[in-house]
2 protein chains.
Amino acid sequence: METTVKTDRRILRSKQSIIKSFLELFSEKEFEQITINEIAERANVNRGTIYLHYSDKYDLLDKCIEDHINELISLCTKREAHKDKQGMVQDPKPIFDYFRDHFPFFSAMFSNQRVFLFREQLLNFISVNLMVKMKRPDNQPDIDHELKAQFMASAFIGIVEWWIRHQMPHSTQFMAEQVRNLFENNQVYTNH
Amino acid sequence: METTVKTDRRILRSKQSIIKSFLELFSEKEFEQITINEIAERANVNRGTIYLHYSDKYDLLDKCIEDHINELISLCTKREAHKDKQGMVQDPKPIFDYFRDHFPFFSAMFSNQRVFLFREQLLNFISVNLMVKMKRPDNQPDIDHELKAQFMASAFIGIVEWWIRHQMPHSTQFMAEQVRNLFENNQVYTNH
DNA sequence: AAACGCGTGTTGAATATTTAACGGCCGTTG
DNA sequence: CAACGGCCGTTAAATATTCAACACGCGTTT
């Protein structure tokens, strides 16, 4: 509702630059080895500027993850509003497109020790998203919805991780079809 | 000699950003259609900032060309200092590497009406570079050195332009070998 | 004709970022 | 132990950039 008071362009550019070089470094070396100095140097940003926006490199990593999770969320909710093709269950392709378009980030995430932070949030996002899709009256022997969502979400992430780690060997279209079939087989979707 | 008083990082980042989006636009549409507003918008830079560094879009284009010409010059002179492999005649590969590494720019240059500005400066750079390589006592019927340089430089640019326009169908290594042979056949190089 | 939209250059005040410096901590080297 | 180098996190003053607002020209619409 409230029109977010357009943030100063300098802030946008600084953050962009900082995040970009941080992710580069993140894919090159161990997180613990990365130094604020390096990030600033590569981003052509003063060291102080980083502290102006992030309290330390852990915070920086958190913010990066947060940003992408939020993007994914808004991607889903925006599409839900659009009536015909709802959410990530009926058409997972846009989700895969997003993964593809930000390959450097997700690739770095999946090939790093600190993946746990990330996986946890991603898993939460997916399972919540699936939960609401399973509200239909179920004539099957009652399987707990939350449990099932967790199960499917974990499976979904497993596939994504495999896909990213193998340099995206299939198109997003193909992946979307596969996932949709898997979902259908497990009766996740809602309508008739 | 004088250590250039390290320019403010904000200037560096702004110029980088401006030039980047300008070149993007340059490869997308006709130069005359490009507007300062567009450049600023895409670069996440205030319109005023562009005027702070460039007087108008023509100046901006000039500066872009100038930058690359200077890079090429310093690339050659630096290598001349290094004794064993001198200049662009004995080993043109680094030159081709530079073209390859800045493909977007040169590609835009060669596929645009305004190529003339660029070609003129590039031609001048090459021919001057060749001139100094032809100082040797020549037992051939006297062909004017300047004329010959112009001739060879034009030929060189022709090859580069063909290579860029065709999306670099050969490796820089291969191109360098070809060019070196052509130079030798025309007795451009100095030492026995 | 007047009114409008759109791009250009240019200003002044507000603000983000830079620079250079500080003190502190830690690991290495003498 | 002392000295050093490297990174940290923070500060004050200098500076580049932003924003919003001008006035201008120019083509289009009313």
Side-chain angles (χ1 to χ4, degrees), chain A residues 2-64 66-67 112-114 117, chain B residues 2-67 108 112-114 117:
Chain A
E2 33 23 309
T3 48
T4 39
V5 276
K6 240 199 319 180
T7 61
D8 194 307
R9 284 212 251 234
R10 284 171 287 191
I11 297 178
L12 292 179
R13 289 204 294 145
S14 290
K15 284 189 175 177
Q16 260 180 251
S17 198
I18 291 167
I19 287 183
K20 180 161 176 286
S21 26
F22 169 62
L23 289 183
E24 276 179 27
L25 287 164
F26 193 72
S27 69
E28 289 171 15
K29 55 161 67 175
E30 204 51 58
F31 178 72
E32 294 304 334
Q33 309 301 332
I34 299 178
T35 136
I36 299 285
N37 276 326
E38 274 179 316
I39 301 172
E41 198 55 39
R42 194 181 288 219
N44 246 338
V45 153
N46 188 277
R47 199 154 48 88
T49 307
I50 298 183
Y51 291 110
L52 223 47
H53 299 294
Y54 312 97
S55 54
D56 50 30
K57 65 178 179 177
Y58 301 95
D59 184 43
L60 176 49
L61 177 58
D62 285 350
K63 294 284 170 56
C64 284
E66 205 180 309
D67 282 357
N112 198 291
Q113 305 287 28
R114 297 213 137 239
L117 285 172
Chain B
E2 37 12 317
T3 48
T4 39
V5 275
K6 244 201 313 180
T7 60
D8 193 308
R9 283 212 250 233
R10 284 173 286 190
I11 298 178
L12 291 179
R13 288 204 295 147
S14 291
K15 284 190 174 178
Q16 260 180 251
S17 200
I18 291 166
I19 287 182
K20 179 160 176 286
S21 28
F22 170 61
L23 289 184
E24 277 178 27
L25 287 165
F26 193 72
S27 68
E28 288 172 14
K29 55 160 68 178
E30 204 50 56
F31 178 71
E32 294 304 334
Q33 310 299 334
I34 298 176
T35 137
I36 298 285
N37 277 325
E38 275 179 315
I39 301 172
E41 199 54 38
R42 195 181 285 220
N44 247 337
V45 154
N46 188 276
R47 201 154 48 87
T49 308
I50 298 183
Y51 292 110
L52 223 48
H53 299 294
Y54 310 98
S55 53
D56 51 30
K57 67 177 177 178
Y58 301 95
D59 186 42
L60 175 50
L61 177 57
D62 286 350
K63 294 284 170 55
C64 284
I65 294 176
E66 205 181 309
D67 282 357
N112 197 292
Q113 307 287 30
R114 298 216 136 238
L117 286 172

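So that the names make sense, note that chain A is the first sequence line, chain B the second, and so on, each numbered from 1.
Taking CG of A:L12 as the start and OG of A:S14 as the end, the distance is 9.0 Å to the nearest 0.5 Å. From B:T35, atom OG1 reaches atom NZ of B:K29 across 7.5 Å, with rounding to the nearest 0.5 Å. Atom CG in B:D56 sits 8.5 Å away from atom CG in B:L60 (nearest 0.5 Å). With rounding to the nearest 0.5 angstrom, the CZ atom of A:R9 is 10.0 Å from the OG atom of B:S17.
A straight line from CG of A:D59 to C1' of D:dG9 spans 14 Å, rounded to a whole angstrom. For the pair B:R13 CZ and C:dT17 C1', the computed distance is 8 Å after rounding to whole Å. Rounded to an integer number of Å, the gap from A:K15 NZ to C:dA16 P is 11 Å. Atom pair A:Q33:CD and D:dG6:C1' shows a separation of 14 Å (rounding to whole Å applied). Separating the CG atom of B:D8 from the P atom of C:dA16 is a distance of 16 Å, rounded to the nearest angstrom. For A:H53 and C:dT15, the NE2 to C1' distance is 12 Å, given to the nearest whole Å. Separating the CZ atom of B:R10 from the P atom of C:dT17 is a distance of 9 Å, rounded to the nearest angstrom. C:dT19 atom C1' lies 14 Å from atom CG of B:L12, rounded to whole Å.
Contacts of A:R9 with the nucleic acid, taken as non-hydrogen atoms under 4.0 Å apart, involve only primed sugar atoms and P, OP1 or OP2.
Between A:D59 and A:K63 there is a salt bridge, with a side-chain nitrogen of the basic residue lying less than 4.0 Å from a carboxylate oxygen of the acidic one.
Contact check for B:Q33 versus B:E28: no side-chain heavy atoms found under the 4.5 Å cut-off. In this structure the side chain of A:E38 reaches within 4.5 angstrom of the side chain of A:I34, judged on heavy atoms. In this structure the side chain of B:Y54 never reaches within 4.5 angstrom of the side chain of B:D62, judged on heavy atoms.
Relative to the six-membered ring of B:F31, B:K57 meets both conditions, a distance below 6.0 Å and an angle of at most 45° to the axis.
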Query - nucleotides 6-11 of chain C: protein proximity per nucleotide (B base, S sugar-phosphate only, - neither; heavy atom, under 4.0 Å) - result: -SBBB-

Any protein N or O atoms within reach of nucleotides 24-26 of chain D? Criterion: under 3.5 Å, listing atom names and distances.
none

